[in-house]
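Presented below is the structure to which this report refers.
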2 protein chains.
Amino acid sequence: MSDVKTVTKSVEQKFADRGIRLTRRRRQVLDVLMSADAALSAYDIAELCNAGSESHMPTMSVYRILDLLQEEQFIHRLETANKYVSCSHIACAHEHSGSQFLICDGCRRVEEIQLSPEAVGAVEMAANAVGFASISPQLEVKGLCVDCQPERI
Amino acid sequence: MSDVKTVTKSVEQKFADRGIRLTRRRRQVLDVLMSADAALSAYDIAELCNAGSESHMPTMSVYRILDLLQEEQFIHRLETANKYVSCSHIACAHEHSGSQFLICDGCRRVEEIQLSPEAVGAVEMAANAVGFASISPQLEVKGLCVDCQPERI
DNA sequence: TCAAAATTGATATACTATATCTTTTGATCG
DNA sequence: CGATCAAAAGATATAGTATATCAATTTTGA
Ligand SMILES: [Zn+2]
Ligand SMILES: [Zn+2]
Ligand SMILES: [Zn+2]
Ligand SMILES: [Zn+2]
């Protein structure tokens, strides 16, 4: 169960490649998000940065850093929850063209998935039918994860 | 373009049928939402209730009333926007089994649609593939409405 | 070294939402 | 009708999320 991730060489490399500095503050925020097993609010993150550390992480800094990490797609903001998660693909070479999130109503765990092209197509179709275009691909869907579903015999 | 709706007989009848009182405050909130051409925040609603009226609508009341109207599906809350819209089906006999919303990034207009069963099925399929079940049906998708799309020649 | 740019610190304030307690209003029944 | 009880609204406090702004510090690179 304990599968705690933090900033690795491959993540450091992504920062370097894009000419973005991985400062102490940014590393703190990203480490907290990568270690978390659920989405966190900006205030949660500030608190966790401060826990067991003499440093003081101001919430403002957290927001600033979240903005940057989001732009670079190291993390994502869950708009239905006002919370943040690290990207599932943060350590791999995967590119995304829009992400979808499953959010467990039981344990708040978040799963980042890619919908099948057919699924995306079906949503686009429905949108086009009423004149909408340029659909943004971020979908957030609530449900129950495999651990939180009532047991079936 | 001006197609302002307010509480009608058929809406009044729905309240009566369900034993819910359509008080002055509730009517004010619902009228504001039905007249609006975009989603509104609770504070927007309070302000609009107060505009050109001697009465004072407290924000607390707005929230209380929004809760009720939502439970009865007269209105919906857009979770990605923290805003509220009146239900497209408020004046008809239509039942919904989950709604989907298209939100225009240009003008903030909101279109309430029903995805095709195939589209819903495709999303459910993707969720099941990673162990999620009991998917909630509310989807909010951002895009550009027909009026806000860059003109094509 | 020194000036410019990027990052962080500090403080204030706006926006969204809930909790709780009191007062008023409205339905019901004798 | 007037007493009673429940629903609704009023009032106030507070929690939670986010942005604006300006000053101080650190990093970069000429
Ligand atoms: Zn991602
Ligand atoms: Zn769960
Ligand atoms: Zn509806
Ligand atoms: Zn539009």
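Note that the structure is a prediction, hence the values are computed from the model and not measured. Naming convention: chains lettered A, B, ... in sequence-line order (proteins, then strands); numbering from 1 in each chain.
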Nearest listed nucleotide, side chain of R77(A), among dA9(D), dA18(D), dT7(C):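 It is dA18(D).
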field: Among dA10(C), dT7(C), dT20(C), the nucleotide that comes nearest once only the side chain of R64(B) is considered
entry: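 Ranking dA10(C), dT7(C), dT20(C) by closest atom to the R64(B) side chain puts dT20(C) first.
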- prompt: Taking the nucleotide of DNA chain C with the closest heavy atom to each, which residue, S41(B) or I65(A), is nearer the 5' end?
  reply: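 Here I65(A) is the residue nearer the 5' end.
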task: Hey, which sits more toward the 5' end of DNA chain C by its nearest nucleotide, A81(B) or I20(A)?
output: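 The answer here is I20(A).
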For [N], does OP1 or OP2 lie under 4.0 Å from any side-chain N or O of [X]?
X	N	value
Y84(A)	dA18(D)	yes
S61(A)	dT8(C)	no
R24(B)	dT25(C)	no
N82(B)	dA17(C)	yes
T59(B)	dT16(C)	no
Y43(A)	dG16(D)	no

Give a yes or no on this: more than 12 heavy atoms of other residues, nucleotides or ligands lie within 6.0 Å of atom [atom1] of [X].
X	atom1	answer
D105(A)	CG	yes
E47(A)	CD	no
Q138(B)	CD	yes

Starting from [atom2] on [N], measure out to [atom1] on [X] and report it in whole angstrom.
X	N	atom1	atom2	answer
L66(A)	dT7(C)	CG	C1'	15 Å
L68(A)	dT8(C)	CG	P	9 Å
R21(A)	dT8(C)	CZ	P	8 Å
L78(B)	dC15(C)	CG	C1'	17 Å
I45(A)	dG16(D)	CD1	P	16 Å
M60(A)	dA23(D)	CE	P	16 Å
L69(A)	dT8(C)	CG	P	10 Å
R27(A)	dT7(C)	CZ	P	16 Å

query: Closest approach of A127(B) and I135(B), non-hydrogen atoms and distance?
result: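 It is CB-CD1, 3.6 Å.
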task: Assess whether side chain to side chain contact (heavy atoms under 4.5 Å, CB included) is satisfied between K9(B) and K14(B), documenting all intermediate values.
output: CA-CA 9 Å; K9(B) 292 291 175 199; K14(B) 283 193 184 183; over 6 Å; no
field: Donor-acceptor pair present, R25(A) side chain and dG9(C) base, under 3.5 Å
entry: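 Looking at the base of dG9(C), it does not pair with any donor or acceptor on the side chain of R25(A) (distance under 3.5 Å).
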